[in-house]
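Since the model is a prediction, treat every value here as computed from it, not as a measurement.
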Amino acid sequence: MKQEVVFTNQVEEALECLCSTEGYDRCFVLCDSNTYSSVLPRIASSRIAQAEVITISAGDEAKGVDSLLHVWSELSERGATRHSLLVNVGGGMVTDLGGMAAATFKRGIAFVNIPTTLLGAVDAAVGGKTGINFAGLKNEVGVFAHARMVIVSTRFFDTLPREEFLSGYAEML
Ligand SMILES: NC(=O)c1ccc[n+]([C@@H]2O[C@H](COP(=O)([O-])OP(=O)(O)OC[C@H]3O[C@@H](n4cnc5c(N)ncnc54)[C@H](O)[C@@H]3O)[C@@H](O)[C@H]2O)c1
């Protein structure tokens, strides 16, 4: 599947443009507890405002089967279809897990990554590697699946803790 990587601070316009072109029937947003409070309120998009929001705990310990089951259940119970869109708003934990949830739900629905960490923007959100931790092993289960679009913006980095910034720089090196 084609993956567009868009570098812009006009996040809302990029998302709106994609949704208008593709005609998704429903929009779902996946956040962790930090991006839910720090980032989501700052995305001033009617598409996002009307979306069904799914929240998981923050931290890599949340990147496991329980969170994946939660996302699948929420998508199913709230009526996601084969033609729905999942927008992953977060760092690599959210985009890895959300990408896998989208790639497997109904054999694969479209997803967009909006990375909110430096590490996510330079690496995790791009390139099609999704997955979860399992049996004590990092990224033990996953699938290769490209986001339909990755929207890379520096707008949300101002709430990022310093150590997360350093982690992103280390990943770049
Ligand atoms: N798929 C890939 O190619 C790939 C590549 C590298 C790493 N990864 C994965 O990425 C994960 C690490 O990603 P990460 O470093 O982004 O960690 P993360 O997603 O866990 O985010 C780090 C912390 O920052 C918080 N946060 C995120 N954005 C924020 C913001 N804008 N403001 C305030 N807080 C914010 C998160 O809630 C979390 O507490 C690992 O699971 C790793 O396996 C994947």
Seminar exercise, completed: dist Cys19:SG -> Arg47:CZ (nearest 0.5 Å) comes out at 4.5 Å

Exercise. Ignoring hydrogens and geometry, is there a side-chain-to-backbone donor-acceptor pair from Ser57 to Ala62 under 3.5 Å?
Worked result: no

Problem set entry | Note, Arg107 side chain near Arg82 side chain (heavy atom, < 4.5 Å) | no

Exercise. Given the rule in the side chain to side chain contact (heavy atoms under 4.5 Å, CB included) test, do Ile109 and Phe28 qualify, once you have shown the distances and angles that lead to the verdict?
Worked result: CA-CA 11 Å; Ile109 65 171; Phe28 291 76; over 6 Å; no

Exercise. After noting the C-alpha distance and the side-chain angles of Ser45 and Val11, does the key distance pass the side chain to side chain contact (heavy atoms under 4.5 Å, CB included) rule?
Worked result: CA-CA 9 Å; Ser45 151; Val11 174; over 6 Å; no

For this session: Check whether the side chains of Asn113 and Thr95 place a donor and an acceptor atom closer than 3.5 Å, and report yes or no.
Result: no

Exercise. Just wondering, are more than 12 heavy atoms of other shown residues or ligands nearer than 6.0 Å to OH in Tyr169?
Worked result: no

Exercise. For the side chain of Thr35 and the backbone of Cys31, is there at least one donor-acceptor N/O pair under 3.5 Å apart?
Worked result: no

Problem set entry | Under 3.5 Å: donor-acceptor pair, side chain of Arg78, backbone of Ser73 | no

Exercise. For the side chain to side chain contact (heavy atoms under 4.5 Å, CB included) test, which of Asn88, Val89, Thr55 pairs with Leu30?
Worked result: Asn88

Seminar exercise, completed: Heavy-atom nearest pair, Thr117 first then Gly92, reads OG1-N, 4.1 Å

Exercise. Measuring from His70:NE2 to Ile56:CD1, what's the distance to the nearest 0.5 Å?
Worked result: 8.0 Å

Exercise. Is there a path from Leu75 to Leu40 through hydrophobic residues (I, L, V, M, F, W, Y) whose side chains come within less than 4.5 Å of each other?
Worked result: no

For this session: Could you grab the distance from atom CD of Glu12 to atom OG of Ser46, nearest 0.5 Å is fine?
Result: 9.5 Å

Exercise. Is a donor on one side and an acceptor on the other found under 3.5 Å between the side chain of Ser76 and the backbone of Trp72?
Worked result: no

Exercise. Is it true that Leu86 and Leu97 fall in one hydrophobic cluster, defined by side-chain heavy atoms closer than 4.5 Å?
Worked result: yes

For this session: Measure across Ala145 and Ala103 and return the closest heavy-atom pair with its distance rounded to 0.1 Å.
Result: CB-CB, 3.6 Å

Seminar exercise, completed: Correct closest heavy-atom pair for Gly127 and Gln3 would be N-OE1, 3.7 Å

Exercise. Between Asp25 (side chain) and Ser84 (backbone), is there a donor-acceptor pair under 3.5 Å?
Worked result: yes

Problem set entry | Between CZ on residue Arg26 and CG on residue Leu85, distance to nearest 0.5 Å | 12.0 Å

For this session: Decide side chain to side chain contact (heavy atoms under 4.5 Å, CB included) for Met100 and Val71; before the verdict, give the C-alpha distance in whole Å, the side-chain angles of both, and the deciding distance to 0.1 Å.
Result: CA-CA 10 Å; Met100 182 172 172; Val71 178; over 6 Å; no

Exercise. Do you know the tightest heavy-atom contact between Val150 and Ala125?
Worked result: CG2-O, 3.4 Å

Exercise. Do any N or O atoms from the side chain of Asn9 and from the backbone of Thr154 form a donor-acceptor pair under 3.5 angstrom?
Worked result: yes

For this session: Report yes or no: does Ser167 contribute a side-chain atom to a donor-acceptor pair with the main-chain N or O of Glu163 at less than 3.5 Å?
Result: no

Problem set entry | Close side-chain approach of Lys129 to Phe144, heavy-atom, < 4.5 Å | yes

For this session: Report, as yes or no, whether the 6.0 Å neighbourhood of atom CZ on Phe134 holds more than 12 heavy atoms from other residues, nucleotides or ligands.
Result: no

For this session: Starting at CD of Gln10, measure out to CD1 of Ile151 and round the result to the nearest 0.5 Å.
Result: 11.0 Å

Problem set entry | Closest non-hydrogen atom pair, Pro115 against Phe157 | O-CE2, 4.4 Å

For this session: Without swapping roles, check the side chain of Thr130 against the backbone of Val143 for a donor-acceptor pair under 3.5 Å.
Result: yes

For this session: Decide whether Phe156 and Leu15 are clustered together by the hydrophobic rule: side chain heavy atoms of Ile, Leu, Val, Met, Phe, Trp, Tyr closer than 4.5 Å, transitively.
Result: yes

Problem set entry | Nearest atoms (heavy-atom pairs only) where Glu74 meets Ile54 | CB-CD1, 3.7 Å

Exercise. Should Leu119 and Met93 be regarded as members of a common hydrophobic cluster, given that ILVMFWY residues are connected when their side-chain heavy atoms come within less than 4.5 Å of each other, either directly or indirectly?
Worked result: no

Exercise. Within a reach of under 6.0 Å around CZ of Phe105, are more than 12 heavy atoms found that belong to other residues, nucleotides or ligands?
Worked result: yes

For this session: Examine distances only and state if a side-chain atom of Thr21 and a backbone atom of Cys17 form a donor-acceptor pair shorter than 3.5 Å.
Result: yes

Exercise. Between atom CG of Asn139 and atom CG of Asp60, what is the distance when rounded to the nearest 0.5 Å?
Worked result: 7.5 Å

Problem set entry | Arg155 backbone acceptor or donor facing Arg42 side chain under 3.5 Å | yes

For this session: Determine, using the 4.5 Å side-chain heavy-atom cutoff (strictly less than), whether Val6 and Val39 are members of one ILVMFWY cluster.
Result: yes

